[in-house]
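Sequence lines set the chain letters: A, B, ... in the order given, protein chains first and strands last, and positions in each chain run from 1. Model, not experiment: these values are computed from the prediction.
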Amino acid sequence: MADRPVILQIKQVVKSFGNVHAVNGVNLNIYEGEFFALLGPSGCGKTTLLRMLAGFEFPSEGSIKIDGKETRDIPPNQRPVNMVFQSYAVFPHMNVFDNVAYGLKVAKTPREEVKERVQDALALVKLDGYELRKPDQLSGGQRQRVALARALVKRPRVLLLDEPLSALDAKLREAMQLELVKLQKAVGITFLIVTHDQEEALSMADRIAVMENGVVRQVAPPGELYESPNCRFVADFIGRMNLFAGIVEGHEDWGGLNVKTELLGKLTIPHSERVSSKLHLAVRPEKLRISSEILPSSYFSFPGEVDAVVYHGSESHVYLKTDAGPFLCATLTNLSRISVRPKKGDRLWIGWAPEDTLVLSE
Amino acid sequence: MDYWRKSPKVFWSFGIPPTIWLFALFLAPLFLVWGLSFGEKQGIIEVAITGTLENYSRAVQPLYLQIFLKSFWYAGLTTFFCLVISFPIALAITSASERWKPILLLLVILPFWTNLLIRTYALIAVLRTNGYLNDLLELIWLSADSGLRILGLGDWNLFGERFHRFELLYNNFAVVYGLVYVHLPFMVLPLYAALDRMDRSYIEASLDLGAGQWRTFRSVIVPLALPGIISGVIITFIPALGSYLTPDLLGGTDSQMIANVIERQFKSANDWPFGAALSFLLMYLTFFALAVRALLTRHNEKGLA
């Protein structure tokens, strides 16, 4: 990505409402042709950031450059970006054609060109033949396609999408995720999507910025974000995570870290980078192994008991209580139709490979 | 919907009093007046209902038709000015902060707390030749004039030799001015309701797509506020059409509206049948206007759908 030109440069951006900093010093470079996601819980400032890019809010401090041009004094109607609103905001008094044509007509595009470009945009979102429909005759998914076509027909430098899939049902959402990715590759426009749904971000984006309390915590491709989160918040927010607090007691010559945890005792973890003395250890549920027999000696392993089993179809979440105290969650993939699954009260060994342990700063 | 079927007692106990009220105090008197409009005067107080159409044929004489026409014209002007003035007010209230909204709305409704007669007299005090508005204008004239004198331009009398007070009362201007003043809240409130309900993202979407403020207003805000505009126009136009007090107190001899003529029939002229006919003619015309509007909106909705 870094070999492509930067299209959006966000530098030290702060947005304050009264004495609340909704966005608090965000730095981001977004590259041309990228599918970028701003991910975070509600209230983390991601929508405010998006609205500043569209020009509906103005940064209290810092600068936003689109295509190298400072945007501070550019009103929303003159920015080379277009937005797909969370509510879609498809004009209810105009039919599909007029909705999509609106941006072109406003720009005084010649009639013939308007017609051609609207047809192309509608074909792109598979809505050809719907030109004369009114928004109230469309389903939620179709209205969203209208909103997409209406924004894309303007050929923006960046397309901003504000929680575009949140109003769709689960099946349609999954189909739309795939379609959005295909569409983005087809048109080659930079997409910037705001979402609180980690699965949505992981499955669609080339890179993701995770935000918390107005600050970007980590910017990384999906795989890196999941397997190597850089802090406790990201680890906990993306997917499920077993977390334990610990204190560093010493380093081994071979690059190992001696960590004392309150509940699981002393553990030696392969980790060569420098860390603060107080940290968190983390392990993903799917990396846990549970067995009725003792685990290989290379594993960290603890005796325990099954506390609950939650069946999710393709997988089951097994909640385990170790004899030492902490609860752990393990994910079991239900590979065979008929198999013996652990039950509540079963005595088991619980463990994981040391290299699957994540070391997280506070 | 058919909840009342399940508990008819509740339905009737709630339904009967207002029904009686409506019949006894509204429909029955209305029916009496309707009957009177087909009557003939016999003596000073007796009226015989003979089924004559004489009253109606008198009511459509050019003299009265002209007054009808003028009433429609004044009511139309009033509605137009109310609409033009109310739109920015309603927009401003909509975009005000949550703390200010109730206060601004209160300011709009506040005139209702004072009797119309008192408000109209207050308006007279402001507009009359020796009124506050002329006092203020004279003050401005005097200070401007003395400013000129200080500059040594006094002898030129650039602003005229002396201040001429404006005749602001007892003419058609005063009537329309007063009607606009009285009916403004009737327009602001439905407009505000329509605009406040409107999803802000429509406006933002329009701006985002490259439209300027004016284009957004014209192509998005006005069409989406249309139901509010229509109800505002109706509830302004109808009472303005039947205005009595305002033209009576603020108007001159030639600015009487149809309600003043009707009042005269019932009181000084003591011609109840003719007054009744004029009243009903006004009502028929209003109904006709409403029917046209209903047809137009239905057509519009079909076009929209």
| request: Please check if atom CZ in B:Phe14 has more than 12 non-hydrogen atoms from other residues, nucleotides or ligands closer than 6.0 Å. | output: no
| said: Would you say that more than 12 heavy atoms from the other residues, nucleotides or ligands in this model lie under 6.0 Å from the OH of A:Tyr130, or not? | reply: no
| query | Within a radius of less than 6.0 Å around CD of A:Glu70, do more than 12 heavy atoms belonging to other residues, nucleotides or ligands occur? | reply | yes
| Taking everything shown except A:Lys105 itself, do over 12 heavy atoms lie less than 6.0 Å from its NZ? | yes
| Residue part contacting chain B, namely of A:Arg150, when any heavy atom lies under 4.5 Å | both
| field | Any A:Asn82 side-chain heavy atom under 4.5 Å of B:Leu209 side chain | value | yes
| query | Quick one: does A:Asn77's side chain have a donor or acceptor within less than 3.5 Å of a partner on B:Ala211's backbone? | reply | yes
| remark: Counting heavy-atom pairs under 4.5 angstrom with chain A, the leader among B:Thr216, B:Val220, B:Asp208 is B:Asp208
| field | Close side-chain approach of A:Phe91 and B:Pro223, heavy atoms under 4.5 Å | value | no
| field | Part of residues 187-204 of chain B lying next to chain A, heavy-atom separation under 4.5 Å | value | B:Asp199, B:Ser201, B:Tyr202, B:Glu204
| field | Under 4.5 Å from any heavy atom of chain B - which part of A:Val90 | value | backbone
| Counting only heavy atoms not in B:Phe280, do more than 12 sit closer than 6.0 Å to its CZ atom? | yes
| task | Hey, could you give me the CE/CG distance between A:Met94 and B:Leu224, rounded to the nearest 0.5 Å? | result | 8.0 Å
| field | Over 12 non-hydrogen atoms of neighbours within 6.0 angstrom of CD in B:Gln66 | value | no
| Has B:Lys101 got more than 12 heavy atoms of other residues, nucleotides or ligands less than 6.0 Å from its NZ? | yes
| field | All ring-ring contact (aromatic ring centres under 6.0 Å, His included) counterparts of B:Phe237, not counting sequence neighbours | value | B:Phe72
| remark: In terms of heavy-atom pairs under 4.5 Å with chain B, the winner among A:Ala54, A:Pro135, A:Ser87 is A:Ser87
| Is A:His93 reaching over with its side chain to a backbone N or O of B:Leu226, donor-acceptor style, under 3.5 angstrom? | no
| request: Tell me, yes or no, whether the heavy-atom count around B:Phe112 atom CZ, taken from other residues, nucleotides or ligands under 6.0 Å, exceeds 12. | output: yes
